[in-house]
Structures are given as structure tokens and as C-alpha cells.
Amino acid sequence: MRSFASDTVHKINQTVTVKGWVNSRRDHGGLIFVDLRDHTGVVQLVVQPEQVDAFKAAGELRDEYVLAAAGTVRERSEELKNPHIPTGTIEINIDQLTILNRSQPLPIQIHGEALANEDLRLKYRFLDLRRPKMQHMLKKRAEYYAVMRRYVEQQGFIEIATPILANSSPEGARDFLIPSRVHSGKFYALPQAPQQFKQLLMVGGVPRYYQLAACFRDEDPRADRLYGEFYQLDLEMSFVEDGEEVRSTMEPLIKQLATDFAGKRLMTDTIPRIPYREAMETYGTDKPDLRFGMELVELTEVLKATEFGVFKNAECVKAICVKGASTLSRSQIDSFTDIAKSEGAGGLAYLTYEGGEVKSPIAKFLKPEELSAIKQAMGAADGDIVFFGADKRQVVNKVLGRLRNEFATHFNLKDPNIIALAWIVDFPFYEQDDKTGKLDFGHNPFSMPKGGLAALQAEDKLGIIADQYDMVMNGYEICSGGVRNHNPEVLYEVFSVLGFGRNYVDARFGGMINAFKYGAPPHAGCAFGIDRMFMVLMDEDNIREIVAFPKNGSGVDVMMNSPSVVDDAQLKELHVRSVED
RNA sequence: GGGCUCGUAGUGAAGCUGGCCUAUCACGCCUCCCUGUCACGGAGGAGAUCGCCGGUUCGAAUCCGGUCGGGCCCGCCA
């Protein structure tokens with residue numbers, strides 16, 4: 001009967017068979033130790049020369065050889081116990097040892113601290129996955145899925161699969177296209193999200209739908225964004241007209257994941273709802289990390305009479321107070337200045353509070369009453385530095401928002417044991433392009449404008465609010481959702497504001513809008529980015545660390561060599577011309 | 001598409017203000033020794049045209065330009 005490594009500790013004086021990989025071999029000439037590793041851990045095998053065949057086989061072992069070993073579990077004498085491993089109190093005296101398979105010398109080291117380049121790890125992912133940390137990740141991920149499924153099913157959601165071969169959706173991300181063999185010149189697209197299908201399920205009478213849905217987007221990746229494919233916990237509820245119902249339905253799950261599942265503390269038990277504009281003004285971003293304060297403080301009024309040109313000529317002046325920042329060296333401040341410039345700032349003005357006075361290259365340009373008003377508004381004390389942003393409002397928010405984040409990292413304010421959650425609500429329905437001045441959808445064209453048809457008639461289109469909400473976890477957007485627009489007339493109008501006629505809408509979204517004409521119930525939902533949320537819960541800052549087989553940053557699977565060229569015959573069958581043409 | 005950054009034995013690092021680099025160290029690999037190790041130890045050995053191409057120079061891992069590849073970021077991600 002086969003035993004796992006970790007179980008053998010409970011089987012003293014029993015005969016066991018263990019199977020696994022050679023973690024290490026210590027050959028003392030007349031006595032050979034083998035650390036055998038399986039998914040449960042490591043156990044020490046002892047091979048004596050008296051067991052002639054086993055001893056001979058043990059002599060041939062190398063790292064990562066695969067073996068089956070049978071023998072008797074013995075308690076080690078006190079001085080031989082190893083407190084560093086869970087099975088260190090026992091060892092297995094081996095009678096029989098079979099080499100099941102051999103391994104070439106490893107291209108990457110899989111134990112120890114020094115990790116190979118990520119690209120090499122991905123090429124040899126099957127070896128990388130043998131590392132205990134990766135084994136733990138895989139197991140934990142399965143548990144994570146189970147927790148989510150259990151919760152949503154308790155809430156009455158039922159899982160329904162939606163098509164993978166779907167339709168191109170021109171308004172969103174770049175599609176992955178699949179040429180149709182049967183219909184020459186036509187294409188399927190892999191779904192960017194099951195958005196339209198899940199809304200159709202609502203029309204189809206499903207009260208609550210969920211799916212651990214694969215989503216496909218051909219956009220350049222980031223550290224927190226996979227290339228190509230990722231998973232969402234996708235949900236939709238019918239007869240819901242208030243997004244609050246969706247938010248309050250899902251909150252307990254996320255809290256449970258943060259606490260019971262990930263073993264962290266919640267920053268606040270009540271999850272704040274922060275309007276988009278407030279988030280932008282207070283944190284300079286719509287995905288604020290709320291584990292720390294350092295909020296943006298408006299100083300435009302305080303400094304409206306200033307004669308300091310940089311502030312005087314700016315549309316907006318704001319600042320953040322960085323506690324204890326006076327320890328920063330000049331060159332460190334310079335590097336933060338570079339960051340500010342990279343976000344569009346002209347420079348980075350600051351006031352240092354030290355020894356009861358203000359030190360700064362700009363202090364002499366400010367009147368004493370201005371300096372004291374700033375100090376008071378910022379709540380600055382000795383040891384702090386106040387950093388300013390003075391520019392167009394949008395630029396100031398962006399620069400200070402970025403700096404807030406960078407300073408928090410620098411001063412270790414991001415406590416990994418805390419999860420800070422927030423709902424960002426009331427997104428603008430439309431946004432204006434900086435350069436072209438053209439209006440476009442801010443978020444999701446399928447969400448309901450607050451106030452419905454009447455609101456869309458408003459003169460100020462930028463003031464129209466979408467019933468749309470995101471959940472933010474420690475500075476990462478982990479969920480996006482909305483109350484959907486289930487009214488065909490309102491939906492046509494939403495596009496009409498941008499100059500798109502009915503024909504346009506019918507052509508692109510005909511499947512869905514047609515359905516809405518046959519008694520669509522009001523509905524709302526959301527989708528959680530499973531991979532990204534898991535990354536945050538597992539304390540990783542690279543999303544590829546928590547995926548078994550991710551593509552690299554160029555969208556290449558370096559292990560399987562995809563994408564790859566295909567035969568001309570295949571292309572011909574799909575009515576696709578080869579690249580040479 | 002753009003910006004920044006990295007590329008040195010199988011792996012991870014050092015060297016990189018040009019010459020003493022005939023490129024250093026650790027892990028791994030090979031041979032031999034070793035009966036209580038646990039990342040065993042000991043002796044010896046192999047293994048690198050310093051990503052690639054070009055330039056500057058008496059001389060380039062080192063400086064410059066280009067190129068390829070990785071990473072991070074911007075754009076993009078309804």
C-alpha cells in the first residue's frame with residue numbers, strides 16, 4: 001500500500017511504499033540517504049549496503065529521479081532527529097528501491113532560494129511546478145475555486161456555460177478571431193467576457209447565473225494582467241434595479257476570502273462606497289489602495305492669492321503629506337521627481353518640516369501666512385515633507401496619485417496582512433478624449449444611465465452617471481459590475497448620444513437588443529477577476545506566479561511554443577491566405 | 001506603437017570609471033574517497049567565443065551605435 005511522505009511519520013515500525021522524486025541524495029560510501037519528495041513533503045530514506053540491489057540502485061540516483069521505495073519506518077534516535085522537516089523524527093529503512101524514471105541534469109534549480117529567470121521557469125514550468133511554493137499555490141487555487149462555488153450556489157446562483165466560439169465585439173478589447181471553415185470569410189471571436197450571453201440568460205428566465213468564465217482579450221499584458229486568457233467569476237441577477245443588491249450579495253464572499261481563506265485582516269468591516277469623482281480627487285486614482293492614508297489635499301483656495309508663479313498659474317494645486325519623509329536623501333527625492341515628471345508634472349515642489357521650521361527651495365516664494373495655512377491644511381509635523389502638484393486638475397490627480405502609491409511602497413505602508421476593500425461607484429457614463437475632444441463610453445455601454453432616458457437628454461453629457469461599480473482590493477481593481485440597461489429605447493439612446501444610429505446598434509448588438517424587446521427583466525451583475533484577486537490574496541505582485549501555465553509578456557507560451565505556424569493546407573481549408581501572400 | 005531596464009559556463013551571481021580577465025564565486029555536472037547525513041563532507045576535473053552584429057581603440061565582458069530576447073511602465077485593456 002502506497003504511503004505519502006507526510007503520512008509515514010504516523011507509521012512507525014510499519015512497512016510502507018513511497019513514491020516520488022529524489023530531492024537530494026547523500027552518499028556516504030557505505031550508507032546512502034535519499035530525501036524523497038512527493039506532493040506532501042519530504043521523507044528520508046536510508047539504504048544500507050546489506051540490501052545489495054537497493055544499494056546499487058541508490059548509488060545511481062540523481063536529483064529528480066523518480067522512484068518507488070519499500071521499507072520499514074523507524075523512529076530516529078534522539079540525536080538523529082531533524083527538527084527542520086515534519087518527518088524528521090523518522091526515516092525509512094529501505095528493502096527495495098525501484099528507479100521508475102531518470103532525469104537529465106536540471107536546466108533550472110528547483111530547490112533553494114535563487115530562482116531562474118522567469119522565461120526559463122516558464123519554459124520548464126513542469127519542473128518549476130514541483131517547487132513546494134507552486135504546489136501550494138495550485139492546491140490553494142483549487143480551494144479558492146471551491147469556496148467561491150460553494151458561496152454563490154448557496155446564494156442561489158446556478159452555473160451555466162456560455163459559448164467559447166462567439167462573436168466579435170468591436171467596442172471592446174482586441175478580439176481573438178477564429179476563421180470559420182464552413183462559412184468562408186466569416187469569423188468567430190473568443191469572448192472577451194460572457195456579457196451579452198449572461199444578459200440573454202436573464203431574458204431567458206434565469207434568476208441568478210454564475211460561471212467561472214474564461215475570457216479572451218488580445219491586449220498587451222502587465223504584471224497584474226495576463227496575456228490572452230483569464231478567468232472571471234461572472235454573475236448576473238434578474239429583477240435587480242439597485243446595484244446595492246449585487247454589492248451586498250457578494251461582499252460576504254470577498255470578506256471570507258480575505259479572512260478565512262487568505263488569513264488576513266480586513267482594514268474596515270464596512271466596505272466604503274466611494275464615488276468615482278471623490279476617488280479621483282482624494283486618491284488620484286479610481287483604484288485607491290486604502291491600507292494607508294496620505295490623501296490628496298486641495299490647496300487651490302488656500303493659495304489663490306499666492307504670488308509664487310508655479311502655484312499662481314496652475315488650474316489646481318494639491319499636495320500630499322508624507323510622514324517621516326525628511327529622512328529622504330536629495331537623490332531619493334530626485335527619483336520621486338522623475339516619477340512625477342513621467343506622469344506629466346513639470347517638477348516636484350516640496351516643503352520639508354524639520355527642527356520646528358520649514359526648509360525648501362520654494363519656501364522663500366511663499367508668504368508666512370501661506371506657509372502656515374499649508375501646514376495646517378496638511379496636518380504636517382516635524383519630520384514630514386509636503387509634496388505639491390500644480391497643474392491641470394487631471395494631471396495633478398494623476399501625479400499625486402502615483403506618488404502616493406510610490407511613497408507608500410517606499411515607506412512600507414502597504415501591510416501585506418491587511419486587505420482594504422472599497423466599492424467605487426457612480427462612474428461617468430461618457431468620457432471625453434483629451435486630444436480629439438470626442439465623446440466615448442467611460443466604462444460599459446450596457447450599464448444603465450442613472451436617471452434613464454431623461455438623464456441622457458441632459459446638456460452636459462459628461463455629467464451623466466452610469467450605474468456602474470468596481471471593487472478595489474489593496475489598489476487593484478478586482479471586480480466590475482453594473483445595473484444593466486434592459487430597455488431597448490434607452491439602449492439606442494445611449495449610442496445615439498455618440499452619434500451611432502439604430503442600424504449600428506442592431507448590427508453589433510442585434511442578438512441582445514432584439515431579445516430585450518421581448519420582456520427583458522431588469523437585471524444587474526458583476527464579474528470578479530479571479531486571477532488578479534488570487535494574486536493579491538496570495539501576496540504576489542506578478543499574476544503569472546499564480547497561474548499554472550501562463551504566456552509570457554509577449555504572448556508566447558515558451559514551453560509549448562505557441563503561437564506557431566500551421567500548414568498551408570490548414571489555412572486553405574479555413575479560407576485564410578498564408579503570410580507570404 | 002513608445003519609454004525605462006536587464007542579457008557573463010547548465011543555474012544564480014561578481015567583474016562592467018578599458019589592460020594585471022589566461023573572466024571570479026556558489027549551486028549543478030563528471031571521476032575518486034567516505035556508515036549518520038539531512039542544502040553531508042573531502043580530493044580532483046570538465047564546462048563561457050561575456051545575447052548577436054558593427055564601431056571606437058595598440059587593446060573591449062567593460063565605451064558607442066544597431067539588433068534580438070526578457071522584465072517593468074505608458075498607450076491599450078467597452
Side-chain angles (χ1 to χ4, degrees), chain A residues 23-37 42-50 55 62-64 74 76-77 79-85 87-89 91 93 103-124 127-128 168-175 192-193 195-196 215-228 230 335 338-339 341-344 398 402 406 427 429-431 433-435 440-447 466 468 477 480 482 494-495 498 508-509 527 529 532 541-542 544 552-554 556 558:
Chain A
N23 207 54
S24 71
R25 181 189 65 131
R26 294 176 292 281
D27 185 343
H28 288 242
L31 177 70
I32 298 174
F33 298 102
V34 177
D35 285 349
L36 176 135
R37 184 195 70 243
V42 169
V43 64
Q44 173 164 284
L45 316 181
V46 186
V47 191
Q48 305 277 358
E50 291 73 28
F55 192 78
R62 296 293 182 272
D63 279 358
E64 298 305 311
R74 299 290 184 209
R76 300 194 201 180
S77 62
E79 69 278 13
L80 295 180
K81 287 182 177 171
N82 180 354
H84 302 296
I85 59 172
T87 61
T89 54
E91 60 193 11
N93 278 312
S103 170
Q104 295 184 8
L106 301 176
I108 58 172
Q109 282 173 239
I110 64 174
H111 15 93
E113 290 303 306
L115 279 181
N117 278 330
E118 195 197 12
D119 220 37
L120 263 183
R121 288 177 58 207
L122 291 180
K123 180 169 180 182
Y124 295 98
L127 293 176
D128 194 49
S168 175
S169 46
E171 303 305 315
R174 208 173 283 120
D175 281 317
Q192 298 176 20
Q195 181 72 32
Q196 295 189 60
C215 305
F216 304 89
R217 295 176 190 176
D218 184 9
E219 295 293 348
D220 289 352
R222 291 285 186 275
D224 66 346
R225 202 165 80 197
L226 290 160
Y227 174 77
F230 64 99
S335 72
D338 288 342
I339 291 169
K341 285 179 177 171
S342 76
E343 297 291 344
K398 193 173 163 203
R402 171 78 190 275
E406 297 287 339
F427 283 83
F429 204 101
Y430 298 106
E431 277 173 355
D433 188 292
D434 275 350
K435 297 189 182 79
D440 199 358
F441 291 114
H443 233 68
N444 181 331
F446 306 117
S447 63
Q468 168 90 34
E477 178 193 322
S480 196
V494 155
F495 281 89
L498 295 183
R508 262 95 182 159
F509 311 108
R532 188 180 292 163
D541 51 19
N542 189 310
R544 294 185 294 270
N552 75 7
S554 316
V556 173
V558 286

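Residue numbering restarts at 1 for every chain, and letters A, B, ... go by the order of the sequence lines.
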May I have the distance from A:N82 (atom CG) to B:rA39 (atom C1'), rounded to whole angstrom?
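Distance, rounded to whole Å: 11 Å.
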
Return the polar atom pairs (N/O with N/O) between nucleotides 29-31 of chain B and the protein under 3.5 Å, or none.
from   : atom 1 : to    : atom 2 : distance (Å)
B:rC30 : OP1    : A:R62 : NE     : 3.2

Given B:rG71, B:rU37, B:rG10, the nucleotide with the shortest approach to the side chain of A:L80
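Nucleotide nearest to A:L80's side chain: B:rU37.
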
Is there a donor and acceptor pair, one atom on the side chain of [X] and one on the base of [N], closer than 3.5 Å?
X: A:E91; N: B:rG36; result: yes
X: A:R25; N: B:rC38; result: no
X: A:R225; N: B:rC77; result: yes

For A:D224, salt bridge (charged side-chain N to carboxylate O under 4.0 Å, His left out) partners two or more places apart:
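Scan of A:D224 (salt bridge (charged side-chain N to carboxylate O under 4.0 Å, His left out), adjacent residues dropped) gives A:R532.
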
Filtered N/O pairs between nucleotides 1-5 of chain B and protein, under 3.5 Å:
from  : atom 1 : to     : atom 2 : distance (Å)
B:rG1 : O6     : A:D220 : OD2    : 3.4

Could you pick out which residue, A:L120 or A:V46, lies toward the 5' side of RNA chain B when each is mapped onto its nearest nucleotide?
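Checking each residue's closest nucleotide, the 5'-ward one belongs to A:L120.
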
Select from A:N93 and A:L106 the residue whose nearest nucleotide in RNA chain B is closer to the 5' end of that strand.
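Per heavy-atom nearest nucleotide, the more 5' residue is A:L106.
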
Are A:N117 and B:rG70 close enough that a side-chain N or O sits under 4.0 Å from OP1 or OP2?
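It does not, given that no N or O in the side chain of A:N117 lies less than 4.0 Å from OP1 or OP2 of B:rG70.
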
Which residues satisfy the side-chain hydrogen bond (donor to acceptor under 3.5 Å, both in side chains) test with A:R26, sequence neighbours excluded?
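Counting only residues at least two positions away or on another chain, A:R26 forms a side-chain hydrogen bond (donor to acceptor under 3.5 Å, both in side chains) with A:S24, A:D35, A:Q44.
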
Pairs under 3.5 Å (N/O, protein and nucleotides 44-52 of chain B):
none

Considering residues at least two apart in sequence or located in another chain, which fulfil the side chain to side chain contact (heavy atoms under 4.5 Å, CB included) criterion with A:F55?
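Applying side chain to side chain contact (heavy atoms under 4.5 Å, CB included) to A:F55 gives A:I32, A:V47, A:P49.
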
